[in-house]
Amino acid sequence: MNKHLIALAVAAATLSGAASAAQVYSDDSSSLAIGGRVEARALLSEQADNKNVPAKLQTTDNEVTDISRVRVNIDAKTQIADGVQGIGFFEREFKSNNGDDENRYMYAGVNSDQYGQIVYGKADGSLGMLTDFTDIMAYAGSVVGVTKLAVADRTTNNLAYTGNFGDLTFKANYVFSGADYDQNGNKTDVHGFSTAAKYNVADTGLALGLGYGEQRDQNGNPNTHKARSEQTFAVASYTMGDLYFGGLYKYGRRDVEGLTGSNKGKPVDSQGYEFAAAYTAGKAVFTTTYGFMKDEDAHNAYDELKNAAAVDATYYFNSNFRTYASYTFNMLDKNKVGKVAASDEFVLGARYDF
């Protein structure tokens, strides 16, 4: 039971009910399963009194916000040849604020038992497999992982490949240049690629990973067509009985347009690191993470982007139902980023997977 719960804790951010999905149709060659989750979440944090006031001048109150959500997914497969399946997957997320509803996944493709899977649509990029090493909390996400390039994260217009070869997992994806425009007719194009590999070192409990992503942005400005961003992630984890440890390092660089003075047109470096740990005690799982991110310019001056530690406790009544409490200690300087951006968060949650 303990090892099973640790696996659930490490994968908590990516589980969307598929593990307990109910098969609603099956014949000799095809199957259809429906899964998802219902998750009630109450967030206690300092909320801005006036969103139109600059962050540094905002006054705050401790308020409870309903951030509950529901995810529903459909997973379809059909046998099209010996060891080859046609697949389709769709997932929609509904939030307490209807304006934030979104299609999380929408893709179809082909899976080969021997050669791997290739899909097109709205699908995961390649670097999420690596940021999952430290993105293990019941609520608080990876503060470094959330800064992945758009082409390396879950995104549309995405051709993605995944191959599992024993202890090695390899991913690669390419996001095509799209026909996206803003209300002024300027093209808002992001395209590029990412690739990653993860290796489980036999039965030692050690896992290693390395990945790279690169994209070009236009962002509504025709003069930035050649703006280039790149990221490299390196990760490692170790599982020993009821204990799990994970670590992540990120290095990135991006072209910056519009800066003045000696930095005009020069790239900005970005660095970050994160540590995670989990401990299973019976049906309870305790997790903690710490993450730090900074941008650094040509003169070695840097802006602190992320600096936070989080702890949470989750109790699994069974594989379908869990409750949790999570607290995030935000260590950004409120005099620089404002009280709201530097506020702590406390969340109580209950989650049912189906």
Side-chain angles (χ1 to χ4, degrees), residues 10 13-14 107 109 115-136 141-178 189-201 206-219 224-237 246-257 266-276 291-298 302 305-306:
V10 172
T14 55
Y107 63 78
Y115 300 108
Q117 173 180 291
I118 186 165
V119 299
Y120 172 79
K122 187 171 187 179
D124 285 327
S126 300
L127 296 185
M129 175 177 67
L130 304 184
T131 58
D132 283 347
F133 276 56
T134 54
D135 192 5
I136 66 173
S142 165
V143 299
V144 178
V146 76
T147 64
K148 292 190 297 293
L149 294 175
V151 300
D153 207 348
R154 186 178 66 251
T155 187
T156 60
N157 210 6
N158 186 13
L159 182 67
Y161 170 78
T162 302
N164 295 298
F165 309 99
D167 291 326
L168 176 67
T169 301
F170 176 76
K171 285 192 172 187
N173 72 291
Y174 183 82
V175 178
F176 295 93
S177 177
D189 181 51
V190 176
H191 60 278
F193 71 93
S194 66
T195 184
K198 180 181 72 172
Y199 183 71
N200 297 319
V201 185
L206 178 66
L208 304 171
L210 186 66
Y212 175 81
E214 181 180 317
Q215 75 180 28
R216 295 185 180 271
D217 308 77
Q218 199 155 351
N219 295 328
T224 64
H225 181 67
K226 295 183 179 180
R228 179 172 173 267
S229 301
E230 58 182 334
Q231 292 178 342
T232 299
F233 281 85
V235 296
S237 70
L248 176 151
Y249 174 77
K250 169 201 167 182
Y251 172 78
R253 172 168 288 199
R254 68 179 187 273
D255 294 336
V256 177
E257 299 290 338
K266 293 185 178 180
V268 168
D269 291 336
S270 176
Q271 295 187 61
Y273 55 85
E274 194 161 53
F275 304 100
F292 178 85
M293 272 281 302
K294 69 176 182 178
D295 268 356
E296 188 171 343
D297 65 20
Y302 75 87
L305 304 178
K306 305 284 184 179

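Quick caveat: nothing in here was measured; it's all calculated off a predicted structure. Any value given below was found using the heavy atoms of this structure, including those in side chains, with hydrogens, waters and symmetry copies removed.
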Self-check item: Rounded distance (nearest 0.5 Å) linking atom OH of Tyr251 with atom CG of Asp269
Solution: 3.5 Å
Quiz prompt | Shortest non-hydrogen contact from Leu210 toward Leu130 | solution = C-CD1, 3.5 Å
Quiz item: If you look at every heavy atom in Val144 and Phe292, which pair is closest and at what distance?
Solution: CG2-O, 3.7 Å
Exercise. Report yes or no: does Thr195 contribute a side-chain atom to a donor-acceptor pair with the main-chain N or O of Lys171 at less than 3.5 Å?
Key: yes
Quiz item: How far apart are the closest heavy atoms of Ser194 and Ala152, and which atoms are they?
Solution: OG-CA, 3.5 Å
Quiz item: Closest heavy-atom contact between Gly141 and Asp135?
Solution: CA-OD1, 3.5 Å
Exercise. State which residues pass salt bridge (Lys or Arg N to Asp or Glu O under 4.0 Å) with Asp124; sequence neighbours excluded, sorted by chain then number.
Key: none
Enumerate, atom names and distances included, each donor-acceptor pair closer than 3.5 Å involving a side-chain atom of residues 160-169, sequence neighbours excluded.
from: Tyr161; atom 1: OH; to: Tyr115; atom 2: O; distance (Å): 2.5
from: Asn164; atom 1: OD1; to: Thr169; atom 2: OG1; distance (Å): 3.0

Practice problem: Report the distance from atom CG of Asp153 to atom CG of Asn173, rounding to the nearest 0.5 Å. | Solution: 10.0 Å
Quiz item: Leu159 versus Ile118: any side-chain heavy-atom pair under 4.5 Å?
Solution: yes
Quiz prompt | Tyr273 and Tyr249 aromatic centres sub-6.0 Å | solution = no
Self-check item: CZ on Phe193 to CD on Gln215, rounded to 0.5 Å
Solution: 11.0 Å
Practice problem: Taking Glu274 for its side chain and Ser142 for its backbone only, find out whether a donor-acceptor pair lies under 3.5 Å. | Solution: no
Quiz item: Taking C-beta and beyond as the side chain, do Leu305 and Asp295 meet within less than 4.5 Å on heavy atoms?
Solution: yes
Quiz item: So, do Lys250 and Thr147 sit near enough that their side-chain heavy atoms are less than 4.5 Å apart?
Solution: yes
Quiz item: At their closest point, which heavy atom of Tyr212 faces which heavy atom of Leu127, and how far apart are they?
Solution: N-CD2, 3.7 Å
Quiz item: Can you tell which of Arg228, Arg253, Gln231, His191 makes a side-chain hydrogen bond (donor to acceptor under 3.5 Å, both in side chains) with Glu214?
Solution: Arg228
Practice problem: Provide the closest heavy-atom pair for Ile136 versus Ala276 in the form atom of the first, atom of the second, distance. | Solution: CD1-CB, 3.8 Å
Exercise. Any chance you could lay out the side-chain contact (heavy atoms from CB on, under 4.5 Å) test for Asn158 and Tyr107, step after step, and finish with the verdict?
Key: CA-CA 9 Å; Asn158 186 13; Tyr107 63 78; over 6 Å; no
